[in-house]
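Below: the structure, in structure tokens.
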2 protein chains.
Amino acid sequence: MPTPVTPNPARSAAHPAPTLIQRPPLRGPVADELRRRIIAGELRQGERLFEDQAAAELGVSRNPVREALQQLAHEGFVHLAPRRGAWVAEYSDERARHVFEVRGALEVLVAGLAARHRTPRHLGELDEVLAGGRDALAADRMGELPALNARFHALLVDAAANPLLADMVDGLIHQIQWLYSRRVRERAAWSWEEHEQIAAAVAAQDVPLAERLSREHIDKARAGYFAAPPAEPGRATDPVRAVGSEATH
Amino acid sequence: MPTPVTPNPARSAAHPAPTLIQRPPLRGPVADELRRRIIAGELRQGERLFEDQAAAELGVSRNPVREALQQLAHEGFVHLAPRRGAWVAEYSDERARHVFEVRGALEVLVAGLAARHRTPRHLGELDEVLAGGRDALAADRMGELPALNARFHALLVDAAANPLLADMVDGLIHQIQWLYSRRVRERAAWSWEEHEQIAAAVAAQDVPLAERLSREHIDKARAGYFAAPPAEPGRATDPVRAVGSEATH
DNA sequence: TCCACGCATACTGTATACAGCAGACAAAGG
DNA sequence: CCTTTGTCTGCTGTATACAGTATGCGTGGA
């Protein structure tokens, strides 16, 4: 059994598990691992998923796997057919369009709410991230941008102060990671200036401007996606960098 | 065991279940029933939910109940704490604000996409629904309006031609039903004219107008919600009419 | 009287067992 | 040769069994 999700005893003999450890239900780690494999291209679109096979492979029983599959189906990574089983979902340009449409609407909302509700703490952290991005750009350390990108957008979501919205955006981010993982990515550099402008609008609490800039930001990301050549089918363009990279533009 | 979800043999002896019956997984009916009880106020906010108790009551085992609870948690009806159990979620004005914020963004998107992608078939059905609404209003048969309301909004979602968006709106509708079920409802009549206007914009493929009208429509619904006096805590204002009524404004 | 600790209980999380549907293959009939 | 039907296998859906953790209460001490 390769890749056991959690060595089931979960705590080494030494300490009697100070209640703080709070081992999370296996469905979480299992879903994370399956999602990772799908995004990384280790599981290809259309590929059949068997409950007991995955269970054996991850060293758990079928129950957590079933629950994880249902979550992944809700997130759009997996297709479930009652009494027939589970498949890795098929991505397509049409599906990408749908994702970008919804994400556009939600990100505009995020920007507007962030402009309304941001606190000094958010502004401080935004400044930090933006400075980090400027430095990375100046020093040509492009490898740091994806993580900073993610932090920037996560900060806005946090500032928006709407947990329901946060959940939805979160679910979409995974899917966009998946989509981007099979396209060439090249927006990292010139999208940073857009972040600076959005942050300024948020700081100024200029709601319409923040919404407009966010809309344009997403529109450009979408355009970049559809302009990029598709990667090898079934394999991430670059298994190491691709996962969790440009997804958060 | 009151209210068995499905008498487990699922088919009476007579016919050998012509494959068309396609008995759906129990998690679906179970989730529907629990959701219904929550919306109807039979299960009160903050009330503890026990897996085996629900299982016994519905005549199924714990597994389908677990899966249903996870789905309901995702929909926002239930709060899950690992190893501690499930509670009926607590609604609050803050939560209502969050729901309306997200729904606003999504409905505006729906209206815009519907204006872009609507087909003659959609226009025909919209006309039907609108005519039905006019008739009901003229004849003072207000009881028919909620269903027509729901059909109207469902039609727009269908015309928007984005399954991902459809899923999200669907999830929100349940929650809004819940919210509305404990407020006095009185928007049925005068909101119908807004529907006519939105439909006209959709028919004319005037995207900005459809979006603007939709935004105003939702804003008024929200204002109406917060202006209305809260109902008895833990009980729907009117168990019969409340469920599935104004929710789709 | 109040607090701390330990025990008991009841519930969740996980594993396993069982039943039934669905697809595949093979054999028989047209 | 093609179609149809029967059987067989493998998987899902559901039920049940087991283990471990969280809470409540009781008891002991300060």
Side-chain angles (χ1 to χ4, degrees), chain A residues 1 4-13 15-34 46-73 78-88, chain B residues 1 4-13 15-34 46-73 78-88:
Chain A
M1 51 187 86
V5 163
T6 302
N8 226 355
R11 62 189 190 208
S12 50
H15 298 290
T19 311
L20 296 172
I21 286 194
Q22 291 227 8
R23 184 166 39 151
L26 290 181
R27 58 175 177 266
V30 167
D32 291 344
E33 172 61 16
L34 292 177
E47 183 171 340
R48 182 65 200 279
L49 295 174
F50 299 102
E51 292 179 0
D52 50 5
Q53 181 180 318
E57 207 162 321
L58 298 176
V60 300
S61 76
R62 273 179 55 209
N63 257 354
V65 173
R66 278 179 69 79
E67 294 172 359
L69 285 176
Q70 282 163 35
Q71 183 181 331
L72 291 175
V78 160
H79 177 68
L80 286 182
R83 301 190 183 274
R84 298 191 36 206
W87 291 260
V88 177
Chain B
M1 51 186 87
V5 163
T6 302
N8 225 356
R11 58 192 193 208
S12 49
H15 297 290
T19 309
L20 295 173
I21 287 193
Q22 291 227 8
R23 182 167 40 152
L26 290 180
R27 58 175 176 266
V30 167
D32 292 344
E33 173 61 17
L34 291 178
E47 183 170 342
R48 182 65 199 279
L49 295 174
F50 300 103
E51 292 178 0
D52 51 4
Q53 181 180 318
E57 206 162 322
L58 299 176
V60 301
S61 75
R62 274 178 57 210
N63 259 353
V65 172
R66 278 179 67 81
E67 294 171 0
L69 285 177
Q70 283 162 34
Q71 182 182 331
L72 291 175
V78 160
H79 176 68
L80 285 183
R83 301 190 182 276
R84 298 191 38 207
W87 291 260
V88 177

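Convention: sequence-line order gives letters A, B, ...; per-chain numbering from 1.
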Please state how far atom [atom1] in [X] lies from atom [atom2] in [N], giving the value in whole angstrom units.
X     : N      : atom1 : atom2 : answer
A:L80 : D:dC11 : CG    : P     : 16 Å
B:R23 : C:dG20 : CZ    : P     : 9 Å
B:F50 : D:dA22 : CZ    : P     : 16 Å
A:L58 : C:dG13 : CG    : C1'   : 17 Å
A:D52 : C:dA15 : CG    : P     : 14 Å
B:R27 : D:dA15 : CZ    : C1'   : 16 Å
B:E51 : D:dT14 : CD    : P     : 15 Å
A:E67 : C:dA15 : CD    : C1'   : 12 Å

Verify the contact: side-chain N or O of [X] to OP1 or OP2 of [N], cut-off strictly under 4.0 Å; return yes or no.
X     : N      : result
A:S61 : C:dA15 : yes
B:R62 : D:dG13 : no
A:R66 : D:dT12 : no
A:R84 : C:dG20 : no

Pairwise side-chain contact, [X] with [Y], heavy-atom cut-off 4.5 Å (strictly under):
X     : Y     : value
B:L34 : B:L69 : yes
A:P82 : B:P25 : yes
A:N63 : A:L26 : no

* Structure fact -> Out of D:dT16, C:dA22, D:dA22, minimum distance to the side chain of A:R83 belongs to C:dA22

* Structure fact -> Looking only at D:dC11, C:dG13, D:dT14, the nucleotide nearest the B:N63 side chain is D:dT14

Where is the tightest heavy-atom contact between [X] and [Y], given as atom of each residue plus distance?
X     : Y     : value
A:G46 : A:W87 : O-CD1, 3.3 Å
A:R48 : A:G85 : NH2-CA, 3.3 Å
B:A86 : B:V78 : CB-CG1, 4.0 Å

* Looking at every strand, decide which applies to B:L49 at a 4.0 Å heavy-atom threshold: base, sugar-phosphate, or nothing. => sugar-phosphate

* **salt bridge (Lys or Arg N to Asp or Glu O under 4.0 Å) involving A:R27 - partner list, sequence neighbours excluded** => A:E67

* To do: Find the bend of the helix from C:dT1-D:dA30 to C:dG30-D:dC1 as the angle between its two terminal axes (five pairs each), to the nearest 10°.
  => 10°

